[in-house]
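Labels below follow one simple rule: chain letters A, B, ... track the order of the sequence lines, proteins then strands, and each chain is numbered from 1.
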Number of protein chains: 2
Amino acid sequence: MKTLPGKTVERLSQYRRALASTLAANRNYVFSHELAAMLHITAVQVRRDLMLIGYGSVMRKGYDVRELISTIGSIIDAPSGLNVAIIGMGNLGRAITGYFRGKRTNMNVVAAFDVDPQKVDKVVAGVRCYNISQMRKLREELDIMVAVLAVPADQAISTASLLVSNGIKGIMNFTTVPLNVPDAIYLEEFDMITSIEKVAYFVKENQQPEG
Amino acid sequence: MKTLPGKTVERLSQYRRALASTLAANRNYVFSHELAAMLHITAVQVRRDLMLIGYGSVMRKGYDVRELISTIGSIIDAPSGLNVAIIGMGNLGRAITGYFRGKRTNMNVVAAFDVDPQKVDKVVAGVRCYNISQMRKLREELDIMVAVLAVPADQAISTASLLVSNGIKGIMNFTTVPLNVPDAIYLEEFDMITSIEKVAYFVKENQQPEG
DNA sequence: AAAACATTGTTAATTTATTAACAAACAATA
DNA sequence: TATTGTTTGTTAATAAATTAACAATGTTTT
């Protein structure tokens, strides 16, 4: 299958979670407009996304929830699960680690890393924290593919290059520092300050309409 | 001025921060390609964004850093600053609060809220935590416009409607629950699990090229 | 069983975002 | 002072994402 648009991948992840709650509510079928309502998007968008993954509904009375969950899994999940490490066990690192707990995903948080001896060897939400100096060894041993970067801004760049040189394949960057990585490494960035400033801007614009 | 595209607003926020560090490095002018390099985007993108905010460089030897910082401010900032509250003082709430410390932004985190008596009245990174029951009173008193929602998933919807009914104008939603708010309220959502799953997907795709 | 309705899958149209192309405005150099 | 080189601002082209339109398929109602 051709690689999907990023936006579609994001929505597939969200469809799957919405479908899980649908199932928990004892519904076995959903219509595109119901799924759309749960995510507050349009039904066309849903149908288009499902078209892209080639999912054909068997009946005309909605999608089979279980089947769709598993189809989405077969598209977006790595066949044998995918191991993730959290880099930086400050508040953000711990928050992210906690998010995974209980969530049914194909990803496993197998390790956390920090430089602070106070944090090393502690276990948070079932995840053990190692000294960052053990990265190389553990990256390989635990087959860690993706790193979630949650270190202080001034350590972002050096830590990122450590990740790269140790064979990480994808980085989710939560620092406010834009990173530069080789093309072969997939990089996704999220900047909290920027996104809150964006909210502030549009609030301001709404307040002074046509101002 | 016409309302800017969301993507442009995001970049303006990042230009400003990059410019601040440029200034700290004693550079008074920057070229579009330099600014672009800092954010790892193209120079055309930079020039286009600046065109949209109507910023004309005085000289042909780059943009005046100070002037550009203040121009960006005049566009994206609210004239008299904008007050923000963090809702939910768990790990994520504390992380976000910490992010603001020291950052030069036009936004002030003026309060945090939680239901946990253990957290109420504590001060984190200079921000005091109040009981959520005081929302109505403090929302008004402190003129809080934007809320950053960082509560557990099962409290997301009820807390959001509390925010709405108390007069909040913008919400940055960090829970994994899609929210439904009136049109007049600006809503931005960020789902950590989804974005990490996205990284995982593209890593997988890169691993098995044309697979 | 015919008519009316609901839902899907897909193509086409539209909108939004990015990238390319290039004339104009200097500055530096010969 | 002419020539060469840089950088900008903007228009045009391309690409990506969303939305609209609608035929096809089946279900429900009369």
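Comparing B:M51 and B:H33 by the nucleotide of DNA chain D that holds the closest heavy atom to each, the one mapping nearer the 5' end is B:H33.
The list of salt bridge (Lys or Arg N to Asp or Glu O under 4.0 Å) pairs with a residue in residues 158-173 of chain A, not counting sequence neighbours, is empty.
For B:R47 and D:dT10, the CZ to P distance is 11 Å, given to the nearest whole Å. Summarising the geometry, the separation between CD on B:E10 and C1' on C:dT16 is reported as 14 Å, rounded to the nearest angstrom. Rounded to an integer number of Å, the gap from NE2 of A:H40 to C1' of D:dT18 is 18 Å. Atom pair B:I53:CD1 and D:dT10:P shows a separation of 12 Å (rounding to whole Å applied). In this structure, A:Y29 places its OH atom 15 Å from C1' of C:dT8, rounding to the nearest Å. The interatomic distance linking A:L68 (CG) with C:dT8 (P) rounds to 11 Å, in whole Å. One atom, CG of A:L4, and another, P of D:dA17, lie 11 Å apart when rounded to the nearest Å. We find that CZ of A:F31 is positioned 16 Å from C1' of C:dG9, with the value rounded to whole Å.
When the side-chain contact (heavy atoms from CB on, under 4.5 Å) test is applied to A:T42, the partners found at least two apart in sequence or on another chain are A:V44, A:Q45. B:H33 is linked by a ring pair (Phe, Tyr, Trp, His ring centres under 6.0 Å) to B:F31, counting only residues two or more places apart in sequence or in another chain. Applying the side-chain contact (heavy atoms from CB on, under 4.5 Å) rule to A:A36 yields the partners A:I41, A:A43, A:V46; only residues at least two apart in sequence or on another chain are considered. Here A:R101 pairs with nothing under the side-chain hydrogen bond (donor to acceptor under 3.5 Å, both in side chains) rule; sequence neighbours left out.
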Pairs under 3.5 angstrom, nitrogen or oxygen only, protein versus nucleotides 17-19 of chain C, please.
from   : atom 1 : to    : atom 2 : distance (Å)
C:dT18 : OP1    : B:R11 : NH1    : 3.4
C:dT18 : OP2    : B:R11 : NH1    : 3.0
C:dT18 : OP2    : B:R11 : NH2    : 3.0
C:dT19 : O4     : B:R48 : NE     : 3.0

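Taking only side-chain nitrogens and oxygens, B:Y55 never comes nearer than 4.0 Å to OP1 or OP2 of D:dT10. For the pair A:S32 and C:dT7, the criterion of a side-chain N or O lying under 4.0 Å from OP1 or OP2 is not met.
Between A:F190 and B:F174, the ring planes lie perpendicular to each other; the angle is over 60°, past the 30° to 60° tilted range.
Annotation: B:Y63 is not in aromatic contact with B:Y29 [ring centroid separation under 6.0 Å not met].
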